Number of protein chains: 2
Amino acid sequence: MFSKACEYGIKAAIFIATKSYEGLRVSPKEIAEKINSPQAFTAKILQSLVRHHVVNSIKGAHGGFEIQKDRISEVKLAQIVKAIDGDKIYVGCGLGMEKCDENHPCPAHDKFKIVRDELKNMLENTTLEELALNIKSGTAFLKT
Amino acid sequence: MFSKACEYGIKAAIFIATKSYEGLRVSPKEIAEKINSPQAFTAKILQSLVRHHVVNSIKGAHGGFEIQKDRISEVKLAQIVKAIDGDKIYVGCGLGMEKCDENHPCPAHDKFKIVRDELKNMLENTTLEELALNIKSGTAFLKT
DNA sequence: TTTATTTCGGATAAATTTATCCTATTTATG
DNA sequence: CATAAATAGGATAAATTTATCCGAAATAAA
């Protein structure tokens, strides 16, 4: 569904959010440990999230990654996915055709449309807050 | 969503079906032309579809690929996807966690579940016949 | 102002996916 | 039986994604 980079990015953002509630910044090292991902690769993905204004980075000593508390409920899963994988999962054709719309559809266009609309809707309506609260409450996990 | 191989495989199966209605066998060359895919790579994918009994191949002179007419309405999109990409799109975790179920869910488990169930349902209930008929009727296309 | 800490970013490597090429094998037909 | 036509399959290459490494730049604190 999503690239590995995107999966790491989502989990990283969730972890950062849980720490940001406590006013804490976190390092790529801690993030990678908590979400079970390769550290250097995760750092690269974090840079991308910073550039797309999903999370905030503070350089230098006592730096790290954080998200402003009041932004946690504003950030949607869709923004994170778009920052890393782009929007092909929304706009692309399910069968990979370059041009696929109502006027020139692929044979499965209508079938895929239902699923993709559902996915789009889910991503656009799921906030980082919901996901982070699942972690804080202990009802969900970021690694096995 | 799916790999390129899978996209080609689905389109190839649809094209073969349209030809099989007319009692015609087709070559990888013709398939690749009609679905706009690399020929040799497409041939490899066809082998996989043959091994998974999605389509039938006849070797030697006057050979080619075909699907028995009465099987076209039986083959589901799910079988083709499973033959090429496996079933990770059904059973895997949306965030890539190895273990992710009701007892040990990822933070987005419930959110993903809705979408994936919808996808699974669509793939398991869409037949090759439906898709092939969209091509035969000229209401849909296999390339741009 | 020096030092320790930390993110940034470029270069590179490893792994996987996508794609090509060439030969072997199979089979209908003359 | 010989030949031509076709799929099967192994080896390899190209492209993309995933992952690592290391030095540069920024910043807080001594």
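It should be emphasised that the depicted structure is a prediction, and the values quoted were computed from it without experimental measurement. In what follows, chains carry the letters A, B, and so on, assigned in the order in which the sequence lines appear, proteins first and then strands, with residues in each chain numbered from 1.
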Within 6.0 Å of CD in A:Glu22, more than 12 heavy atoms from elsewhere: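 Counting neighbours around CD of A:Glu22, more than 12 heavy atoms of other residues, nucleotides or ligands fall under 6.0 Å, so yes.
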More than 12 foreign heavy atoms under 6.0 Å from NZ of A:Lys143: is that the case here?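 Yes, because the 6.0 Å sphere around NZ of A:Lys143 holds more than 12 heavy atoms from other groups.
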If you assign each of B:Gln47 and A:Ser3 to its closest nucleotide in DNA chain D, which residue comes earlier from the 5' end?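 The residue whose closest nucleotide sits nearer the 5' end is B:Gln47.
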5'-most contact on DNA chain D: A:Ala5 or B:Ala43, nearest heavy atom basis?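 Its nearest nucleotide lies further toward 5', so the answer is B:Ala43.
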Under the criterion side-chain hydrogen bond (donor to acceptor under 3.5 Å, both in side chains), I'd like the reasoning laid out for A:Asp117 against A:Asn121: C-alpha separation, chi angles, the key distance, then a yes or no. CA-CA 6 Å; A:Asp117 284 353; A:Asn121 185 65; over 6 Å; no
Is it possible for you to check whether A:Lys120 lies under 6.0 Å from the centre of the six-membered ring of A:Tyr90, through NZ or CZ, and within 45° of that ring's axis?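 Yes; both conditions hold, so A:Lys120 lies above the ring face of A:Tyr90.
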With a 4.0 Å cut-off on heavy atoms, is [X] in touch with a base, just the backbone sugar-phosphate, or nothing at all?
X: A:Val55; answer: nothing
X: A:Gly63; answer: sugar-phosphate
X: A:Ile58; answer: sugar-phosphate

Please report the distance, rounded to the nearest Å, between [atom1] in [X] and [atom2] in [N].
X: A:Arg25; N: C:dT7; atom1: CZ; atom2: P; answer: 10 Å
X: B:Gln39; N: C:dC21; atom1: CD; atom2: C1'; answer: 11 Å
X: A:Ile45; N: C:dT7; atom1: CD1; atom2: C1'; answer: 15 Å
X: A:Arg51; N: C:dG9; atom1: CZ; atom2: C1'; answer: 9 Å

Boundaries of the DNA chain D segment in contact with chain B, non-hydrogen, under 4.0 Å: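 Using the under 4.0 Å cut-off, the span is D:dA5 to D:dA11.
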When the nearest nucleotide of DNA chain C is assigned to B:Ala61 and to A:Gly64 on a heavy-atom basis, which residue is associated with the more 5' position?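 Result of the comparison: A:Gly64.
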Set of residues satisfying side-chain hydrogen bond (donor to acceptor under 3.5 Å, both in side chains) with respect to B:Glu66, sequence neighbours excluded: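 B:Glu66: side-chain hydrogen bond (donor to acceptor under 3.5 Å, both in side chains) contacts with B:Arg25.
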Please assess A:Leu49 against A:Ile84 for the test side chain to side chain contact (heavy atoms under 4.5 Å, CB included), listing each intermediate value before the final yes or no. CA-CA 8 Å; A:Leu49 291 181; A:Ile84 302 173; 3.8 Å; yes
